[in-house]
Chemist: 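I'd like to ask you about the structure that follows.
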Amino acid sequence: MLSIPSQSLFYDISLPDCVGFIGIDVLSQLRLLSRSTSGDTVQLVEQSLDTNLLNNAVKLKITHCPLLPGGVHVQETLNNVTILIVTNQTVHRLVLPHPTRMYRSELVTELQMQSIFTDVGKMSLQDPAHSAVIPSPVGQTVGPTASAAWLSHQGEAHYALASPAGGILVVTLPPHDTKASVTILELKTSSVMQRLAGWMPTAIRGEQSPGDLALSLAVRELEDDTFILALCQDHKLRMWSYRDQACLMEADMLEYMPACRGVTRSSGQGHRLRLTFSSTGLCLAIYLAVPSRGQFTVLQLVATDNNRYSLDHISSLFATQETLVDFALTSTDIWGLWLDDTNQTVVKYINFEHSTVGQWNQVFVQPAPEEEVHIGADQDPRETYLDMLFSPLRFTASALVKALQIYRRGTERITDLPWETLKKEVTVAVEKELQSSVTEFEFSQEEYRQLQVEFWSKFYACCLQYQEALATPLGLLLNPHTHMVCVLKKGFVSFLVPCFPVEHLYLSFDEYLFTSYHVSLCPDPEVGRDVLQLVQCLRLVSDAVPGDMAYEMEKALEHLQSPERAAEMVLENLLANDNENVIEDIHNKLQDVRNPLAAMAVLIREMDLETDSEPGEGLSQLYGSSVAVAVVCQAVCQMAMTRALFCRDLLILQQLYLRLGDNVFPGGGPQLQQDLIPRSSQLLSSYYLLKHITQSLTTTVPLDIIDANLQHLSVLELSDSPAMASNRSGQVLCVASVDFKPLSDYFFPCFSDIALYSYIIAICLANPNQYHTFFPECLMGNCQYAQLQEYVRLIEPWCQVNVGSCRFMLGQCYLANGEGQKALQCFQEAAVEVEREEFLLRLTGAEEKAAAAPRLQYYNKVLRLLEDVGLPELVIHLATLAITEAVNDPRSQAALWTRIFKHHLDLGHNSQAYEALTQNPDSSSQLDCLRQLVVVLCERSQLQDLVQFSYVNLHDEVVSIIESRARAVDLMSHNYYELLYTFHINRHNYRKAGTVMFEYGMRLGREVRTQLGLQKQVNCCLASLNCLRLIRSDYAWIVQPTSGAVYERPAASPKRNYDGEFTTGPVSGQIDILELKDLQKEYDLARSRLTLAQHHPPSAAIAGSASAVEMMSLLVQSGLFDCALSLCQTFKLSLTSVFEGLAFKCIKLQYGGEENQNEAWNWLAANQLCTITTKESSATDEAWRLLASYLEKHPTQNAQHHRCVINKLLSHGVPLPDWLVNAYKGVDAAALLRLYLNYDLLEAAAGLVLEYVDALLGKGHQYFGIERPLSATAPLVWLPYTSIDQLLQSLKVNMHHHAPHYLSSPSQMYKKLQDKLNDYHKLVDQTTRRRLQAQ
C-alpha cells in the first residue's frame, strides 16, 4: 500500500464506495484494469485473460482525502497508461508504461508477464507535477460531487469537477514530461469562463441555482474540441465547449418523459449519464431516477448552425422496479445492473433501436448457494458439507476465510491459505467446536450424526451470509471491442458468457419467450411451436421433481446405473405424489404438441456436442491465464449443469410419453424407445460427466512425481504431443482452478467470436464422444490420476469411442498408483483397439509411417514403460503375449525372448530364464543371453543351476563362454575354472575336467604368488590327477599349452596392421602331451612348493612357477631336505646339491653361535630324524646324524655323495668326522687320498696310506673293504701309486719344514711311508714268487 499525504484541509466527509473497469487492448491480448475505492483508499488490479500477470495489484491511500464516486479514470496512449485520481480535495496522476512498450517482442507468448504496476513503487507520488490541491472557497465545507477526467492531445491532464454550488471546475496538470504550472478554470452557467487561482466566494460570484449541481459528468473529444456534458440536479443536460469556454447546449430531460409530469418540483439525485459512439455519431443514454419509476432515454447529439448542438430522440425505455446499480451503453444496446427486493443481482439488456415493445432481455444470473443441504442416509454430513462448501461454483475463498475467522472467535487474520489447507482448517474448526460441546462420553451414532449436521449447518449458514455480502454488485463493464460483459461484485468478478438457444428456452420465463429465439433451432414454424410447448413441459417437470428424487437421480448416474431406469423411478414417484396435478397439466400441454418426435429430435440435436473441432494452434495463448481458464471452466460447468437437468427432465418426459401411449403419442413408441430415449440417456450421462469434471479440483503434484511422469511420457514418445505441450503452457481447460473464483453468468448473445470458439472447444474437448483424446491426455500429462480414473469410470458404460485409449490411460493411472496388475490388464485390453484409434496409432508411430505390425509396436512401447517403472513380472507376462503377434518376425521374436530372459534372470527365475534362452530363434542373441546367464549365475554363486541345465545344442558354446571368462578374470575372485571342472565332471568328461584343473593350476602358479594360491595349485593338480585315474590308461592324457600361450579374450576387437589388413592370429606354441606320470610329477612339484611356502611364507612369491631344479635349491636353502630328496628322486635329479647343502648347514652349526642352534631346530623339525637317542643332543649333533642317515639311505656307486660331502667339508677347512672317513675309506680309499692331497693334508694322507698298506698286508683289511689281504691265493690288490708318489714328493719337498710338536715332521712321515712301502714291496715280491711257483 502506498500512502499519499494530502496537502489541504481535512474534511470529515463520507462518500459511497465505488468501482469501475476499463479494458486495455494489448496486441492480441485483453487486459482488464479494475479499480475500487473505499474512503481514502483506491485499489487497482490489472488482469489478463491471456496470460498471468505478476505484481498486478496496488493499493493507494490518500490520507484524509476520500475519493469521489467514479473518481478514478484510466487513459491510454501509445506509450503510457495514465491513471487520473480525484479526491474531495486533491487530484493526482500516475503515468505507467503501456504494456506494448514493456516487451521487445510483438507477439508475447510467456506464461507470466509483468504488470504495468510492477514499478509503481519507484514513482514519486508526491511530485507537484503529478498532483494538485483543489482550491476551496471560504466557508466551503463540501467538496465536488462528480468528476470526469481526460488527457488532451498535448498530454495535459484535465479534471472536470462538479461544484457543490453549481457549475464545473476544470483543473489542468501540465504534460508529465514538461514543467509548467497548474491551471484552474470554472465553467459558469452564464457561459463566461474565468481563470482563477481558486474558487471565489458565492457573494462575489453571484448566486447560482442549486439545480445547476451536476450529478453525472461525461467528457468526449470531437474533432479539435472537448465537450463536457453534465446531467444536473434540475433534470437538465448541459454541454460546455472547453475550447470556446461556452455552454453550447441546455436541454430539459423531462421533455422526453411525458408520463412523469410534476417531477420538476423535486430535484433528481440518482441521474446518470453514459456516452458512446455509433455509426451515426455520439449517442447519449440518460437515466432519470424519478420516484415512481426510472427511465432510460437514448439521444443523439446533432450539430446545428453557429456552433450549436441539439438532441435527436432515439428511444425512451422504462426500467423495472429494481434498484439500479449501474448501466452501460453500446452502439445498439443498453445493459443494466439492478438489485431486486430480495437483494439478488439482476442483469438485463435491451436493443434501444429495434425494441418496439420495450421488452428487456433476460440474463440468467447464477443463483446463490442452496440454503439447505440435502444429506442422504448413506452420506457423511461432514463430507457432504465440505463438498458443498468447496465446490468451485458455490463459495469464494474470501467468504470461507471470513466465516472461519468468525467461527473461531479469534483475532488472528487468515491470509493466503491454499485451498486444501483452508479445507483442513475449516474441518478442524468445526470438529473442535463439536467436541467442545459434547458433555457425555457415550452416545449413539445417530446422535453424533445429528450433532454433526447441527454444527456444520451453523458454519454453512455463516458462509452463506458472507457469500451474499461478497456477491453484492457494484459495477458493470462492457467492452465495445470484444462485447465482453463483466459484473464487479464486492468480493469477486462475474463474467457473462454465451448462452445457447436451447438453454435460453429452458431457463427463460414465459414472458421472455419469443419466436425469434427458436428460429435458429428449427426454421419450420410448426416444429418450432412444438419445441416451445415441449420446453414448457420440461420446465413443469423440473419444478415438480422433488429434491430427494433429484438426489437419487444424481446418485444413479454417479453409480453408473441405468439413466432410463432412474428416470422411470422418478416418474413413478411423481405419479404417486402428484398432489398439485402437475402431471395432469403436463398431459394437457402434451396434447398441444403435434409432432413430439420431431420436436425431441430438434432438442436432442441441439444438445449433442459431437463436432469435428480440433484445438488450433491459435488458441495456445488466447484465454490462457488462470482467470480465463477459471472463467471458461466454470462456464462449461454451468452449461453442463443446465443441460444435465434438461436431459434429465427430457428423459422423464419421454418415460411419461411411453406411459401415456397412443393417447398422446400414436405410433411413436418404438422410435422413442429405440432411438430418442437411448440418445437422451447418453446425453444425460455425457453432461453429468462434464459437470463432474468441471467441479473437480486439480491435485497438487510433487515435483518428483512430475519428473517421473515426464520420463514415462518420454519413454512413450508422448511428451511432445499437443495435449502435453498445451498443458505445460497452462491450458487446463476443464479442471477448475480455485485460486481465483469468478462466477460465470449466462446471457444470450455471445461476447466475441474468439471467446465463443474457445468456449465451444473447451466443451468439446471434454466430450468423450469426440474422436480425439485431448482432455484425458491433458489429465495424464498433468498427473491428475484420480480425476482421470473417475473420468474413465464414468464413461465406461455408455461411451464406445476411444475405448482402447481410455483403457491405456487408465493403465497409466494404475501404474502411478502402484497397481501394476490392474495396469497390465488395461494395457492388454487397449491392445485390441490399436489399429482403430488415433491416439494408439500415434503412440505406436503408425500414423507417421506404415508399420508392419502396429500392435507389436504398441507392445514394445508398453514394455519399455513397464521396464522404466520397474515391473519385471509384468514385462514378462506382456512380452509372452506379444510373441504371438510376432509369429512371422524372427527379429522381433528374438528381442522379446531376450527381454523375457533378462527379466527372468533379474528375478532369479533361473530355470525360466534358461527356457527363454533356448526359445530364442536368433543364434547371436542366444549366445549373448547364454553369456549373461553364465556370468550372473556365477556372480550369484548359483552354480548348481548352471551346471544342471542340459544345454542342448549349446554345450560347446557354454564351455567356450566359461573358458573365456575363466581366462579373462581374476583367478581369486571368480571360480570359473572350478565351475567348468564341475560342468565336465557332471557330464563324466573326466579328461576335459582334468585339463581344466591343470590349466587352472598352471595359471595359479604364474599369477597367484601366495600360499593360498599354492594350496589351490596343489588341489588343482590333485584333482587333475584323480580325473585321469578315472579313465582308461589309453586316454589318460591331457594337452598342455606352453607357458607362453596367449588366450583370446571374449568380445575382443580384431587387430589390424598399419595397412588396415586384419592380422593373422599368433601361432600356437608347442603342445605337450601329459600322461598320468607327468601329472604325478607336477603334483609332487606343487606339493614341494606348498611345503616351502608353509615353512617359509616369503618364498611363496618365487616358488609358484619355479622348476624342479629351482625348487630343489629353494628347499635346500630352507632346510627342507626330505622334500628336496623326494623331489630329486621324482624328477631324477642329482642328490649332490642336497648333500652339499646339508653339509654346509652342518658346518654353520658346527662353528655358529646359539642363534644358529635355535634356528636349526626349525628346519630340523621339518625333516624326519631317524636316530633316536636318550642323551641330550645339540642341533649340530642332529644335523650330523641327519647327514649320516641320508648318506646311509642314499648309497651310490663309488660313494659320490660321501665324496661331495667330504669335499664340501674340506673346502671349508672342517676336520672330517671319523664316521665319515671310515665310511668313505671303506668304499674308495684312493679317492679319499686324492682329496687329502688336493687340500694339502699330507699327514692325513700319509696316515691313510700307512693304514691302507697295513690293510693290504693283513692288518685291518675289513675297514677298507678288502675281503682278503695280500697273499698268493688271494685276489689281486693294488695301490694308488700315482697319489702315493705325489704324497712322497710333497713330503720330500717339505722335509726341511718344522712341524708343530704334536705333529710328525715331514721327514718322519716320509721315512715311515718309505719303510711301509718297502715292507709292502717285499711281501708283494714274495707273494708273486709263490704264485708263480704254484703255477
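Every heavy atom of this structure was used, including side-chain atoms; hydrogens, water molecules and symmetry mates were not.
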Chemist: Got Cys806 and Ile795 here, is their nearest side-chain heavy-atom distance under 4.5 Å?
Modeler: yes

Chemist: Are the side chain of Asn817 and the backbone of Cys813 linked by a donor-acceptor contact shorter than 3.5 Å?
Modeler: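 Yes, Asn817 side chain to Cys813 backbone: donor-acceptor pair under 3.5 Å.
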
Chemist: Assess, by modelled atom type and distance only, whether the side chains of Gln825 and Glu829 contain a donor and an acceptor separated by less than 3.5 Å.
Modeler: yes

Chemist: Evaluate Ser680 against Gln654 for side chain to side chain donor-acceptor pair (under 3.5 Å), listing each step before the verdict.
Modeler: CA-CA 9 Å; Ser680 300; Gln654 289 170 341; 2.9 Å; yes

Chemist: Phe390 and Phe395: aromatic ring centres closer than 6.0 Å?
Modeler: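 They do not qualify: ring centres at least 6.0 Å apart.
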
Chemist: What closest approach, in Å, do Leu843 and Leu716 show between heavy atoms, and which atom pair accounts for it?
Modeler: CD1-O, 3.7 Å

Chemist: Could you tell me whether the side chains of Thr699 and Gln787 share a donor-acceptor contact shorter than 3.5 Å?
Modeler: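 Result is yes, a qualifying pair exists.
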
Chemist: Verify whether one side chain among Ser805 and Glu837 offers a donor that lies under 3.5 Å from an acceptor in the other.
Modeler: yes

Chemist: Assess the side chains of Tyr385 and Asp380: does a donor N or O sit below 3.5 Å from an acceptor N or O?
Modeler: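 Note: Tyr385 and Asp380 side chains miss the donor-acceptor criterion.
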
Chemist: How far apart are the C-alpha atoms of Leu810 and Leu788, what are their side-chain angles, what is the distance that settles it, and do they pass the side-chain contact (heavy atoms from CB on, under 4.5 Å) test?
Modeler: CA-CA 7 Å; Leu810 183 61; Leu788 180 55; over 6 Å; no

Chemist: Show your working on side-chain contact (heavy atoms from CB on, under 4.5 Å) between Leu603 and Leu538 and close with a plain yes or no.
Modeler: CA-CA 11 Å; Leu603 293 176; Leu538 292 178; 4.3 Å; yes

Chemist: Answer yes if the ring centres of Phe364 and His504 are under 6.0 angstrom apart, and no otherwise.
Modeler: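 When the ring centroids of Phe364 and His504 are compared, they turn out to be within the sub-6.0 Å range.
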
Chemist: Measure across Ile586 and Leu540 and return the closest heavy-atom pair with its distance rounded to 0.1 Å.
Modeler: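 Smallest interatomic distance, heavy atoms only, reads CG1-CB, 3.8 Å.
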
Chemist: Would you check if the side chain of Asn782 reaches a backbone N or O of Cys778 as a donor-acceptor pair within less than 3.5 Å?
Modeler: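 Looks like yes, one N/O pair under 3.5 Å.
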
Chemist: Can you check side-chain contact (heavy atoms from CB on, under 4.5 Å) on Leu534 and Leu590, steps first, answer last?
Modeler: CA-CA 7 Å; Leu534 204 60; Leu590 292 179; 4.2 Å; yes

Chemist: Check side-chain hydrogen bond (donor to acceptor under 3.5 Å, both in side chains) between Gln711 and all other residues, then give those that pass, not counting sequence neighbours.
Modeler: Asp868

Chemist: Does NZ or CZ of Arg648 lie under 6.0 Å from the centre of the six-membered ring of Tyr688, at an angle within 45° of the ring axis?
Modeler: no

Chemist: Looking at every non-hydrogen atom in both residues, tell me the closest pair between Leu874 and Gly820 and how far apart they are.
Modeler: CD1-O, 3.1 Å

Chemist: If we ignore angles and hydrogens, is there a donor and acceptor under 3.5 Å between the side chains of Arg539 and Ser542?
Modeler: no

Chemist: Step by step, would you call Leu871 with Leu824 a side-chain contact (heavy atoms from CB on, under 4.5 Å)?
Modeler: CA-CA 10 Å; Leu871 298 173; Leu824 179 64; over 6 Å; no

Chemist: Could you work out, with side-chain hydrogen bond (donor to acceptor under 3.5 Å, both in side chains) as the rule, every residue matching Tyr460, not counting sequence neighbours?
Modeler: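 If we apply the side-chain hydrogen bond (donor to acceptor under 3.5 Å, both in side chains) test to Tyr460, skipping adjacent residues, there are no hits.
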
Chemist: Just do the salt bridge (charged side-chain N to carboxylate O under 4.0 Å, His left out) check on Arg836 and Glu833 with the steps written out, would you?
Modeler: CA-CA 5 Å; Arg836 294 190 287 270; Glu833 306 293 334; 3.1 Å; yes

Chemist: Between His903 and Glu867, do the side chains contain an N or O donor and an N or O acceptor separated by less than 3.5 Å?
Modeler: yes

Chemist: Within the supplied structure, the quantity of interest is the number of heavy atoms (other residues, nucleotides, ligands) at a distance under 6.0 Å from Met388 CE; does it exceed 12?
Modeler: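 It does: Met388 CE has more than 12 such atoms within range.
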
Chemist: Can you classify the ring geometry of Phe646 versus Tyr506 as parallel (below 30°), tilted (30 to 60°) or perpendicular (above 60°)?
Modeler: perpendicular

Chemist: Any heavy-atom pair between the side chains of Phe500 and Arg643 that's under 4.5 Å?
Modeler: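 In short, these two side chains touch, coming nearer than 4.5 Å.
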
Chemist: Side-chain contact test, heavy atoms from C-beta onward, threshold under 4.5 Å: evaluate it for His712 versus Met780 and give yes or no.
Modeler: no

Chemist: Which value, rounded to the nearest 0.5 Å, describes the distance between Tyr858 atom OH and Phe808 atom CZ?
Modeler: 5.5 Å

Chemist: Taking atom CG as the centre, does Asp707 end up with more than 12 heavy-atom neighbours from other residues, nucleotides or ligands that are less than 6.0 angstrom away?
Modeler: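 Yes - once you tally the heavy atoms of other residues, nucleotides and ligands closer than 6.0 Å, there are more than 12.
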
Chemist: Could Arg842 and Glu838 be called an ion pair, given the rule that one side-chain N must be under 4.0 Å from one carboxylate O?
Modeler: yes

Chemist: Could you list the donor-acceptor pairs under 3.5 angstrom formed by side chains in residues 547-557, with sequence neighbours left out?
Modeler:
from   : atom 1 : to     : atom 2 : distance (Å)
Tyr551 : OH     : Asp378 : OD1    : 3.3
Tyr551 : OH     : Gln379 : OE1    : 3.0
Tyr551 : OH     : Gln379 : NE2    : 3.4
Glu554 : OE1    : Lys691 : NZ     : 3.2
Glu554 : OE2    : Lys691 : NZ     : 2.5
Lys555 : NZ     : Glu558 : OE1    : 3.0

Chemist: Taking all non-hydrogen atoms of both residues, which atom of Pro546 and which atom of Leu574 are closest, and how far apart?
Modeler: CD-CD2, 3.9 Å

Chemist: Stepwise, does the side chain to side chain donor-acceptor pair (under 3.5 Å) test hold for Thr642 with Glu503?
Modeler: CA-CA 7 Å; Thr642 302; Glu503 299 164 36; 5.2 Å; no

Chemist: Please name the pair of heavy atoms, one in Ile876 and one in Thr880, separated by the smallest distance, quoted to 0.1 Å.
Modeler: O-OG1, 2.7 Å

Chemist: Salt bridge (charged side-chain N to carboxylate O under 4.0 Å, His left out), that's the test. Do Arg793 and Glu796 meet it? Break it down for me.
Modeler: CA-CA 5 Å; Arg793 185 187 73 86; Glu796 186 175 9; over 6 Å; no

Chemist: Please report the closest heavy-atom contact between Asp675 and Pro678, naming both atoms and the distance.
Modeler: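 Result for this residue pair: O-CD, 3.3 Å.
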
